Protein chains: 2
Amino acid sequence: MFVRTTDQRLRPNTLGDLGFTSAPHPMVKLSEFTYRKGKEIFGEKEPAEYVYQIKRGAVRSYKMLSDGRRQIGAFHLKDDIFGLENGANHRFTAEAVVQTTVYLMKRVSLQSMADTDAAISRNLLTMTTANLEHAENHMLLLGRKTAVERVAAFLIEMDRRTGSSNVSLPMSRRDIADYLGLSLEAVSRAVSRLHCEGVLNFIGNTQREIVILDLSKLHSFDPQG
Amino acid sequence: MFVRTTDQRLRPNTLGDLGFTSAPHPMVKLSEFTYRKGKEIFGEKEPAEYVYQIKRGAVRSYKMLSDGRRQIGAFHLKDDIFGLENGANHRFTAEAVVQTTVYLMKRVSLQSMADTDAAISRNLLTMTTANLEHAENHMLLLGRKTAVERVAAFLIEMDRRTGSSNVSLPMSRRDIADYLGLSLEAVSRAVSRLHCEGVLNFIGNTQREIVILDLSKLHSFDPQG
DNA sequence: CGATCCTTTGAAGGACGTCAAGGTCTGTGG
DNA sequence: CCACAGACCTTGACGTCCTTCAAAGGATCG
């Protein structure tokens, strides 16, 4: 059973003005809030009151079946915007993977801004399209790729998004498994296999710090990545 | 090998004016074209020149890996709009499942209309969001549901979209399999199982015509459908 | 009415899931 | 500083669901 006994989430209570910039990610900093590791930021089907951008940390967005099976739709890293909805409610639950600080703005003010500024409106469409494209690629992964191919694709994605071959994974093997539609053991075995094949290495004494030794060889494990 | 030897696709060469209505699907009829069963309408990564709406027939949109594994991202039925892109190129290949007639409009004219009409712009965002929501639900299906659950969810979707418990499936078992991330045999077995359980029945002498006898029982096979 | 395609069903195999054990690291308190 | 608990990761053994391979029976169409 997955009954939530008490709602321990906190909401910020100060909000100022908000705007967009032409920076890589267009939301301007405003109010911010910090969530401890594992804390829920918003729940599926809850009213979408805020839009979030990550200042520091990482977030997982997921759906869950009634018996507890979980599918993580996306990980959100530094500077990523999440929680943006066109409809009234959130379609995912969002949780902090590690201690995470976010900027946030009210959804309604974003909406009213979009109503008066076509550039913002276009920006919303562009962001939604980016999310759609990610989901489309992920459907191919979930429907048709093997365990090793999925893990390879995941590492390539993390390498690309962090812009570094030294990938620091904030999420656990279980999170990765629920993102890739696998068991955590299958993820562990696939990582081990890639390690044995000389594609990657571990840094330090934890398994969360990975260095990709041979990106092209990693690509060879992911068909049409 | 999946090399396409010749490009036999045809393009319409007449285009008139185009607009939007407030009908369930907002594209107004204009130029139209008919594709024979199995013909490609556009290919992945091709320039997105047109946007399509189905007048009659059905279309599959898919991605394919280099070794031929295929993932169908969506089926498009009567009145559905597909091929709408924000970027320059198509992200899927689209093929006619059966003989299909589509209305079409030039992408650039739609773009210019959106630039001057905020309502159209909102409509584009709404359609993109609908596609995103479908993809998000499909990720959960592909990542975490069993074969019977996937097939049940598929039949529920078809029942909903056709608005009838008498579901006429234009697509083959292989198409369904590639939509659900299964083998065609697994689909066949799951349908047989649902038939034995009294959830559905076949009409006529083909297996493409299905009547759903007990929708609530069908729902019981799909957790959180 | 034969050729082809599609579907079903059975049998065997394999990839991944489940269960279990053991190891490492971290944090906490004695 | 060390003992201990807990969280997390790895690895092995085994089970199972789905895939693959194969065969046979329609259905469709020229």
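Just so you know, these numbers come straight off a predicted model, no measurement behind them. Labels below follow one simple rule: chain letters A, B, ... track the order of the sequence lines, proteins then strands, and each chain is numbered from 1.
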Five-pair end axes of the helix from C/dC1-D/dG30 to C/dG30-D/dC1 and the angle they enclose, rounded to 10°: 30°

Side-chain donor-acceptor contacts of residues 191-200 of chain B below 3.5 Å, not counting sequence neighbours, with atom names and distances?
residue, atom, partner, partner atom, Å
B/Ser192, OG, B/Ser188, O, 3.0
B/Arg193, NE, B/Glu197, OE2, 3.3
B/His195, NE2, B/Asn201, OD1, 3.3

For residues 157-183 of chain A, which residue pairs pass the ring pair (Phe, Tyr, Trp, His ring centres under 6.0 Å) check, not counting sequence neighbours? A/Phe75-A/Tyr179, A/His138-A/Tyr179, A/Phe154-A/Tyr179

Could you tell me whether B/Arg161 atom CZ has more than 12 heavy atoms of other residues or ligands within 6.0 Å of it? yes

Between A/Phe42 and A/Tyr50, does the ring centre distance come in under 6.0 Å? no

With a 4.0 Å heavy-atom cut-off, tell me which residues in residues 184-191 of chain B come close to DNA chain D, sorted by residue number. B/Glu185, B/Ala186, B/Arg189

Indicate, with a heavy-atom threshold strictly under 4.0 Å, whether [X] touches base, sugar-phosphate, or nothing.
X	result
B/Gly204	nothing
A/Thr146	sugar-phosphate
B/Ser172	sugar-phosphate

Expressed as a whole number of angstroms, how long is the span from B/Leu182:CG to C/dT7:C1'? 16 Å

Whole Å only: how far is the CZ atom of B/Phe202 from the C1' atom of C/dT7? 9 Å

Please examine the side chains of A/Glu209 and A/Thr206, heavy atoms only from C-beta on, and report whether any two atoms are closer than 4.5 Å. yes

Span of DNA chain D in contact with chain A (heavy atoms, under 4.0 Å): D/dC8 to D/dA13

Restricting to side chain to side chain contact (heavy atoms under 4.5 Å, CB included), what partner residues turn up for A/Glu149, sequence neighbours left out? A/Lys145, A/Thr146, A/Pro223, B/Arg69

